[in-house]
2 protein chains.
Amino acid sequence: MKEKIKVHIADDHMILIEGIIAMLNTDKEIKVVGYSLTGMQVLDWFEKNNADILVLDINMPELDGIEVLKRFNKKKGHQRIIMLSSYDDVKLVKELTTYGADGFISKTCAGEHIIKAIKSVYNNTPYFSDDIKEGLFNLAIGQNVADGSKPESKATSSLTDRELEVLKLVAQEFSTQEMANQLLLSVNTVETYRKSLLKKLNVKNAVGLAMYAVKHKII
Amino acid sequence: MKEKIKVHIADDHMILIEGIIAMLNTDKEIKVVGYSLTGMQVLDWFEKNNADILVLDINMPELDGIEVLKRFNKKKGHQRIIMLSSYDDVKLVKELTTYGADGFISKTCAGEHIIKAIKSVYNNTPYFSDDIKEGLFNLAIGQNVADGSKPESKATSSLTDRELEVLKLVAQEFSTQEMANQLLLSVNTVETYRKSLLKKLNVKNAVGLAMYAVKHKII
DNA sequence: GTGTGTCTCACGGTTTTCCGTGAGGGCATA
DNA sequence: TATGCCCTCACGGAAAACCGTGAGACACAC
């Protein structure tokens, strides 16, 4: 009998982790060897231990799955990573694959997909759950395919400190005037940052900024 | 041997449901007799079937747990309801208990708490998980207890169909003019809905609306 | 049949956002 | 030292959002 596939699970919901463990343990070829509730825990765990597969939730407080993925990639061994997405982070898929994600499953799909995904990526075959595929398809036919994602995500981390501050405040319903007071800046200056953000993030208005902040866990 | 406690589970994440089922089935006194992925499914299910306990997620698309709870209460039989909260909906606890919620558990706590909660409320003892208790405590000492939450959350699910449509569009960066075109309405009318939303949801601007939509999984 | 609520629209006014453009100072690095 | 990037601020104008108020039509419930 060959060795079992060693899996580590990261999600901020203990209940979900327990559920996945219970499910995975019904499969003879898979063994859960650890879990983490935060991004930091994941990195810590992999300092001292190892697993073949990391099932990684995108949405976690503090250090989110995206950030973990990025840091992981740098010193990546032979581990494969499956991203768990809570809402449809379809736009992120392309970007995250470049960072080394090997599979995507949405939490809304049945648990058996996790087992499928694990076995698939373990055999070097990327796995995408059906709704992710569908989302990608819709994205492709709905708008231009070969543009947005790249420059948009490229800009993602190219925000300056001030821009980031303003972005956070915008997403908290503050007006330009209020932000100026809070940051001890001129209203004009805050407006400049706002304009810069609109352009960089390629959104139409403050709502777009707020949604961006949510998606990227800036707030 | 006495009859098992019949449980119905409602959550929009299939994986979570499967996990909870796997866990609950390890307990001899509990039996999962059904599950739902949406609020509507819950109501439909209880039209034809019955359970002792309903484990109800607060955050579900379309008809959320709060609304289900309200409608449920009206024609409630002897069922007990345990609310599953994903983020700390501490402010809602008081209100939801008045609507008939018998227990609260946060998804961040271990799964065994669900079992405890089920047995507890089945014996007519309300159950609150530790972090919910802690949250309530912090709320109590941190700020005034008996204020805001009521009017704010009361409005929560009392949005009309049109308001909900507008809310969705606002959260997608559409301007009033664009919404008017899309909904075949006058700009004035759309503005009316927008104003109504601002008041009902007690937010300051479009960003507030968008954030509300995100929190309540309307988009 | 009288109220309650939703949907629809209007008007006038204030405030805020959005847009373009320009510009000086500081700091790093090529 | 020159180039580039960031931070800071300004002005003027167009567009949109925000605010209050009122009102007609329809439906449903008490």
Side-chain angles (χ1 to χ4, degrees), chain A residues 151-152 154-214 218-219, chain B residues 62-63 66-67 70-71 73-75 151-214 218-219:
Chain A
E152 183 182 311
K154 192 178 158 192
T156 295
S157 39
S158 75
L159 298 183
T160 68
D161 292 349
R162 276 309 207 192
E163 284 166 352
L164 209 57
E165 281 186 278
V166 170
L167 178 55
K168 282 181 191 169
L169 294 175
V170 167
Q172 285 169 3
E173 295 179 54
F174 289 109
S175 71
T176 305
Q177 180 64 63
E178 289 169 330
M179 289 187 270
N181 295 339
Q182 212 160 317
L183 300 173
L184 300 175
L185 290 176
S186 141
V187 170
N188 295 308
T189 306
V190 178
E191 289 250 336
T192 302
Y193 290 130
R194 184 198 283 270
K195 278 179 279 187
S196 166
L197 285 166
L198 290 177
K199 191 165 276 183
K200 276 192 181 178
L201 304 181
N202 194 33
V203 296
K204 284 163 60 186
N205 51 37
V207 171
L209 296 180
M211 299 309 267
Y212 179 91
V214 169
I218 290 163
I219 48 122
Chain B
E62 291 172 46
L63 200 67
I66 301 170
E67 190 58 27
K70 285 183 187 171
R71 300 201 188 173
N73 202 25
K74 290 172 187 163
K75 52 177 179 180
E152 185 179 307
S153 44
K154 191 177 161 193
T156 296
S157 37
S158 73
L159 299 184
T160 69
D161 292 348
R162 275 309 206 192
E163 285 165 352
L164 208 57
E165 282 187 274
V166 170
L167 178 56
K168 283 180 191 170
L169 293 176
V170 167
Q172 284 169 3
E173 294 180 53
F174 288 107
S175 70
T176 305
Q177 180 63 64
E178 289 168 330
M179 289 188 268
N181 295 338
Q182 212 161 318
L183 300 173
L184 300 176
L185 290 175
S186 139
V187 171
N188 293 309
T189 306
V190 177
E191 289 249 339
T192 301
Y193 290 129
R194 184 198 284 271
K195 278 180 279 189
S196 168
L197 285 167
L198 290 176
K199 189 166 277 180
K200 276 191 180 179
L201 304 181
N202 194 32
V203 296
K204 284 164 59 186
N205 51 36
V207 170
L209 296 181
M211 301 308 269
Y212 178 92
V214 169
I218 289 164
I219 49 123

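Here is the naming used below: chain letters follow the sequence lines, and residue numbers restart at 1 for every chain. All heavy atoms count here, side chains included; hydrogens, waters and symmetry mates do not.
Minimum heavy-atom separation, B:Val207 to A:Ala210: CG1-CB, 3.6 Å.
With sequence neighbours left out, A:Gln177 forms a side-chain hydrogen bond (donor to acceptor under 3.5 Å, both in side chains) with A:Asn181. Every residue two or more places apart in sequence or in another chain that forms a side chain to side chain contact (heavy atoms under 4.5 Å, CB included) with A:Leu198 is listed here: A:Val203, A:Leu209. For the salt bridge (Lys or Arg N to Asp or Glu O under 4.0 Å) test, no residue two or more places apart in sequence or in another chain qualifies with B:Glu191. For the side-chain hydrogen bond (donor to acceptor under 3.5 Å, both in side chains) test, residues two or more places apart in sequence or in another chain that qualify with B:Lys204 are A:Glu178. In this structure, A:Glu173 has no salt bridge (Lys or Arg N to Asp or Glu O under 4.0 Å) partners at least two apart in sequence or on a different chain. In this structure, A:Arg194 has no salt bridge (Lys or Arg N to Asp or Glu O under 4.0 Å) partners at least two apart in sequence or on a different chain. For A:Glu163, the salt bridge (Lys or Arg N to Asp or Glu O under 4.0 Å) partners at least two apart in sequence or on another chain are A:Lys200.
Atom pair A:Leu201:CG and C:dC18:P shows a separation of 13 Å (rounding to whole Å applied). Between B:Leu209 atom CG and D:dA17 atom P the separation is 11 Å, expressed in whole Å.
Using a cut-off of 4.0 Å between Lys/Arg side-chain N and Asp/Glu carboxylate O, B:Glu165 and B:Arg162 are scored as salt-bridged.
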Legend entry - Under 4.0 Å protein heavy-atom contact, by nucleotide of nucleotides 25-30 of chain C - B base, S sugar-phosphate only: ------
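A heavy-atom distance below 4.0 Å to DNA chain D is reached by these residues of residues 168-192 of chain A, ordered by number: A:Leu185, A:Ser186, A:Asn188, A:Thr189, A:Thr192.
For B:Tyr193, the listed nucleotide lying nearest its side chain is C:dT8; candidates were D:dC18, C:dG20, C:dT8. For A:Asn205, taking side-chain heavy atoms from C-beta onward, the closest of the listed nucleotides C:dC18, C:dT8, C:dC19 is C:dC18.
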Please produce a list of atom pairs where a protein N or O lies less than 3.5 Å from an N or O of nucleotides 3-6 of chain C.
none

Could I get a table of every N or O pair under 3.5 Å where one atom is in the protein and the other is in nucleotides 24-27 of chain D?
none

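Each end of the helix from C:dG1-D:dC30 to C:dA30-D:dT1 yields a helix axis from five base pairs, and these two axes differ in direction by 40° (to the nearest 10 degrees).
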